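Below: one structure, written as structure tokens.
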Amino acid sequence: MTGPRRSTETRERPWCDPLAVAAGLRHLDGPLALLSDGGALGRWSFVAASPDRVYVEPIGPDGRLDRLREPDLAAGVVGLLAYDAGARVATGPREAVWPDLMLARYPSMLAFDHQGGRVRIIGRGEDPAAAAAAADRAEAWLDALAERLTAPVPAETFLEEAPPATYRAAVADVVARIAAGELFQANIARAWTGRLGPQADPFDVMLRLAERASAYGAFWRLGDRALVSNSPELFLTFDPESRRIGTRPIKGTRPRDPDPVRDAALAAELRASAKDRAENLMIVDLMRNDLSRVAVPGSVAVPDLFEVESHPTVHHLVSTVTGLARPGVGPADLLEATFPPGSITGAPKHQAMKVIAGHEPPRGAWCGSLFHIDDDGRLTASVLIRTASFERTGAGWGFRTLAGAGIVADSDPVAELAETEAKIRALREALTGVPDPALAV
């Protein structure tokens, strides 16, 4: 669906720190920071505030995203799809703990080119004068840099929702279901909850994660809800000019070790692990199937299989699946065909989501997707792992965060529990300042 093209004005300024700019905007309406690590997958960071269109709404049982097909939402749009909105086709109605869809359009935006060392000022409007005014607002943000980029420990509490034994029992149950032929893999998670101190807000958590920046880091607040994500995982990219689509599922994890020799050995162990490679391959096949629903026949390929990526607290096994979108396919079609991400559900996907629902309360934002559609219609969507969701109640903020592991036929409940501890480590330390003493890293 197409409509009248909105006017856009762009300008350039010298490089400055996107986190400092975002910190200066944290108290405005709808502050947004998509903060990448500047690496190969995260060349651009984006900062914005004061959206002119906001939608917070349910998605019907058919999972259609027709709101994204509206012509005035073609650029400068950021959205969040909650995991449960996509899983509902398998699980049926469940209690909603997060809105299905949050969507906001930003007339004023700053794009930070980490490789080019420059800042692009973007203004969008119905006509050139409105676009210029929006660019003026964005340019003024560059003069409001925050002076302090540190934050005290924000959380007063950090509590397990269920004891470790409950998670080990869930893993054992899934292994038994796999042995019975019910499914091949399911990603089972455990959760932690808590509250921030009276003077703290979710952006403080983002500041404390700054030294562990990932390719798809994010802070977003709309009203009384906020999200902090330090995700390393790409869910979808779509280039409307080349029609290229891609996904990079993560399956397989080892903790980092401060000893370089031991750390290298853990990475090599992950690369050689038959269990982790099989787990990864199952999700690659699932994502190939999902992409094939919207891709040109014969175009889906796997250019990279079983690559080890190293992050501050973990090593991951990552593969890449690509394809060419069929004519007429746009961001809404891609999301409808593939959501929720296969790496955090399992295989077969429908049955895995049913099994997950039998062991977990609704996930909310966690393991959903945060996506950005820029001026040329290019889509970038992350998987919301390493993510905490926040809700303001009364005078303070409560939070919930999760970590999961892919359970396969030879999974060991104790080892899978340890994997969740390694995955939650960065967020735990950002929230509390104290790592879990049980961590062997």
Side-chain angles (χ1 to χ4, degrees), residues 33 35 80-84 96-99 102 151 153-164 166-167 170 187-197 200-210 212-214 216-221 224-233 250 253 255 311-314 316 340-341 343-344 356 359-370 382-393 396-405 416-436 438-439 441:
L35 297 177
L80 192 161
L81 276 171
Y83 168 85
D84 306 296
V97 297
W98 193 271
M102 299 171 63
V153 172
E156 290 185 327
T157 55
F158 190 91
L159 305 173
E160 292 176 317
E161 282 191 349
T166 300
Y167 186 79
N187 192 85
I188 302 298
R190 52 196 292 245
W192 294 260
T193 60
R195 291 194 64 80
L196 303 187
D201 70 47
F203 197 83
D204 294 329
V205 183
M206 191 72 191
L207 289 175
R208 291 174 58 81
L209 285 168
R212 291 171 166 171
S214 65
Y216 305 105
F219 167 82
W220 195 25
R221 176 171 56 78
D224 289 333
R225 294 183 184 273
L227 185 92
V228 173
S229 181
N230 200 37
S231 174
E233 185 168 2
I250 289 175
T253 303
H311 302 276
T313 58
V314 292
H316 278 314
S343 63
I344 49 74
I356 290 167
H359 286 288
E360 298 180 30
R363 288 177 168 181
W366 186 79
C367 277
S369 180
L370 188 70
S382 69
V383 181
L384 286 175
I385 57 174
R386 316 295 191 272
T387 295
S389 55
F390 298 80
E391 186 171 4
R392 184 160 42 199
T393 55
W397 292 88
F399 67 85
R400 187 170 191 256
T401 184
L402 299 91
E416 302 296 353
L417 180 73
E419 182 172 320
T420 66
E421 295 286 0
K423 289 175 175 177
I424 203 64
R425 178 185 174 190
L427 265 172
R428 186 197 303 271
E429 292 180 357
L431 283 158
T432 69
V434 180
D436 189 322
L439 285 174
V441 267

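Please read all numbers here as calculations on a predicted model, not as lab measurements.
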Which is it for Arg386 and Val314 under the side chain to side chain contact (heavy atoms under 4.5 Å, CB included) test, yes or no, and what are the steps along the way? CA-CA 11 Å; Arg386 316 295 191 272; Val314 292; 3.9 Å; yes
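- Atom-to-atom distance recorded for Ser229:OG and Trp366:CH2 is 11.5 Å, nearest 0.5 angstrom.
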Could you walk me through whether Glu416 and Ile188 pass the side chain to side chain contact (heavy atoms under 4.5 Å, CB included) check? CA-CA 9 Å; Glu416 302 296 353; Ile188 302 298; over 6 Å; no
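- With rounding to the nearest 0.5 Å, the separation of CG in Asn230 from CG in Leu384 is 11.5 Å.
- When all heavy atoms of Glu429 and Arg208 are compared, the pair lying nearest together is O-NH2, 3.1 Å.
- Counting heavy atoms from C-beta on, the side chains of Phe399 and Pro202 never come closer than 4.5 Å.
- The minimum heavy-atom distance linking Asp84 with Gly364 is given by the pair OD2-N, 2.6 Å.
- Within the 4.5 Å cutoff, the side chain of Pro361 has no heavy atoms near those of the Val97 side chain.
- Taking both residues in full, the closest heavy atoms of Leu227 and Ala365 are given as CD1-CB, 3.8 Å, listed atom of the first, atom of the second, then distance.
- In this structure, Phe219 CZ and Asp201 CG are separated by 6.5 Å, a value rounded to the nearest 0.5 Å.
- Remark: Leu402 CG to Thr193 OG1 distance equals 10.0 Å, nearest 0.5 Å.
- The heavy-atom pair separating Trp98 from Ala82 by the smallest distance is CD1-CB, 4.1 Å.
- For Ala170 against His359, the heavy-atom pair with the smallest separation is CB-ND1, 3.5 Å.
- Atoms CD and CZ, from Glu391 and Arg195 in turn, are 10.0 Å apart once rounded to the nearest 0.5 Å.
- Residues Lys423 and Ile385 form no side-chain contact, since every pair of their non-hydrogen atoms from C-beta on lies 4.5 Å or further apart.
- With contacts defined as side-chain heavy-atom distances shorter than 4.5 Å, the pair Asn187/Ser343 does not qualify.
- The structure places CG of Leu370 at 9.5 Å from OG of Ser231, a figure rounded to the nearest 0.5 Å.
- A donor atom on one side chain and an acceptor atom on the other are not found under 3.5 Å apart for Thr166 and Arg190.
- Inter-residue side-chain proximity for Phe390 and Arg221 is flagged as unmet; no heavy-atom pair is nearer than 4.5 Å.
- Taking the six-membered ring for Trp and thresholds of 30 and 60 degrees, Phe158 and Trp192 have nearly parallel ring planes, at less than 30 degrees apart.
- Across all their heavy atoms, Leu427 and Ala388 have their closest contact at CD1-N, 4.1 Å.
- Between Pro341 and Glu233 the shortest side-chain heavy-atom distance does not fall below 4.5 Å.
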Which is it for Leu431 and Arg428 under the side chain to side chain contact (heavy atoms under 4.5 Å, CB included) test, yes or no, and what are the steps along the way? CA-CA 5 Å; Leu431 283 158; Arg428 186 197 303 271; over 6 Å; no
